[in-house]
Protein chains: 2
Amino acid sequence: MSGNHQRTDVHEVASERLNAIDQRYSPGRRRLIEVLAQATHPLVTTEISAATDDLPQSSVYRNLSILEEAGVVVKVLTTGERAAFELAEDLKGHHHHVVCIDCGRVIDVDVPEQIEKLLSDGMSTLVAKEGFTLLGHRLDLLGRCDQCSRSRRDESFSTSSVK
Amino acid sequence: MSGNHQRTDVHEVASERLNAIDQRYSPGRRRLIEVLAQATHPLVTTEISAATDDLPQSSVYRNLSILEEAGVVVKVLTTGERAAFELAEDLKGHHHHVVCIDCGRVIDVDVPEQIEKLLSDGMSTLVAKEGFTLLGHRLDLLGRCDQCSRSRRDESFSTSSVK
DNA sequence: ATGAGTGCAAAGGCTTTGCATTAGG
DNA sequence: CCTAATGCAAAGCCTTTGCACTCAT
C-alpha cells in the first residue's frame, strides 16, 4: 500500500550496513528483515517474535538494537505502550503513520508531495533557531480506526463512567 | 516561545473536565497542572516529581493518568525511553516538537500557518480511505541538538566501535 | 580453534496496583 | 460518615544483560 521504492535489494543493504559496524548478517537478523520488509505497519516485538518462527525475545531485542545501530531499522513510537519497529526510511520509502488513538493500531500512508516539500524545506531555519540541526520529520495522523469508531457507538449509551 | 493561547483559565477547565468524569480537582492534581502549565517542553515523570515538591511517583502516575482521561493532559512520545506529559492541545495551544535523536530532548515549536492548514485540511480524505476518522496530527521534527552535535564532533575521531 | 551469534533465565527500570490512612463533601 | 485521594510498598511488564552453548570463519 505505501511506496515500496526499493531501488536496491534490502538484504544487500542490510548486509553492507552491518559490515560497516563490524556485524554479520546472520540468519536471525535476516529473518527479522524479511518480516519487517513485508509488514505494512510497524511491528511490536511480540508480532515480530510470532512472525519469525518464535525467535526468542532476547534475540529479537538484541538484533533489532544492532540493526538499529546499523541504520537498517528504526524504532517507531506509537501510543507509548511498547516499542514498534520498521525498516529505515531509505529502505522502506518515506511515509507516515495513521495512529488510532483508542487501540494504538498503526498503518502506513503516503503523503502528498506538496506537503512533504513544505515540511522539509520550511523547517530547517525554524529549528536552527533552537540550536537544532534538522534531520527529518515524523508526521503522525491521529484518528480513530473504523473498528474503534464502531465499538464507541455501541457503548455510547451505557457508558458514563471512567474509561 | 510557543503560543500560549490560553483563552480561559487552565485550572478552571481542568476542574470542569475532572468533574465531567466524576473526579475532583485535588491539590495534588492542581500541582501537576501548575507544573505542566509552566513547562516549555514535555516533562517526564522524574521532572514532574521533582518540580512538585516530590510528589510520590505513584501519585504522579495515577493522577497523570486521570488527567489524561479527563482530557487535560496528553502523553507525549519522545524517543521511547520513558513517557513525557504536557497539557492538552486546547489548553497549551497547538504546537509541535523538535526531538533530539541522540539525547531525546524535546522542545516546543510553532509551525507556519500554511503548513498547519495543509495538514489539517488535506489529510482527512486520505486517511478516510483506510477507515480512519482524522482527529488531529502530530508533527515531530527530528534533529540533533547543539549539545549532541558538539559531543559528536568531539568523539568522532576516537570512536569507531559500537555505540 | 576463536570470536560472533544464540537462547535461556535472571536482572533491571519504568509503570501500575493493593491496601491502609487521610482528607474532603 | 462515606467516598475519593494519597502514599508506601509490592507486583507487573517490557526490555536488557549474563553466561554457557553453537555456529561460522
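For the numbers below, each heavy atom of this structure counts, side chains included, while hydrogens, waters and symmetry mates do not. Lettering of chains follows the sequences in order, A, B, ..., and the numbering in each one begins at 1.
- B/N63 has a side-chain polar atom (N or O) that falls below the 4.0 Å cut-off from OP1 or OP2 of D/dT6.
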Report, as a single string ordered 5' to 3', how protein heavy atoms within less than 4.0 Å touch nucleotides 11-25 of chain D: B base, S sugar-phosphate only, - not at all. ---SBBBBB------
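- With rounding to whole Å, B/E47 atom CD is found 15 Å from C/dC14 atom C1'.
- In this structure, the side chain to side chain contact (heavy atoms under 4.5 Å, CB included) partners of B/E16, at least two apart in sequence or on a different chain, are B/E12.
- To the nearest angstrom, C1' of D/dG7 lies 13 Å from CG of B/D54.
- The side chain to side chain contact (heavy atoms under 4.5 Å, CB included) search around A/N19 returns A/S15, not counting sequence neighbours.
- Under the side chain to side chain contact (heavy atoms under 4.5 Å, CB included) criterion, A/E34 pairs with A/H11, A/R30, A/R31, not counting sequence neighbours.
- Listed pair A/S59 / C/dT6 fails the phosphate criterion, with no side-chain N or O lying under 4.0 Å from OP1 or OP2.
- Contact check, A/S26 against C/dT6: a side-chain N or O comes under 4.0 Å of OP1 or OP2.
- In this structure, the CZ atom of B/R31 is 12 Å from the C1' atom of D/dA5, given to the nearest Å.
- Evaluation of the salt bridge (charged side-chain N to carboxylate O under 4.0 Å, His left out) rule for B/R17 yields B/D90 as partners, not counting sequence neighbours.
- Take B/S26 and apply the side chain to side chain contact (heavy atoms under 4.5 Å, CB included) test, not counting sequence neighbours, and it matches B/R29.
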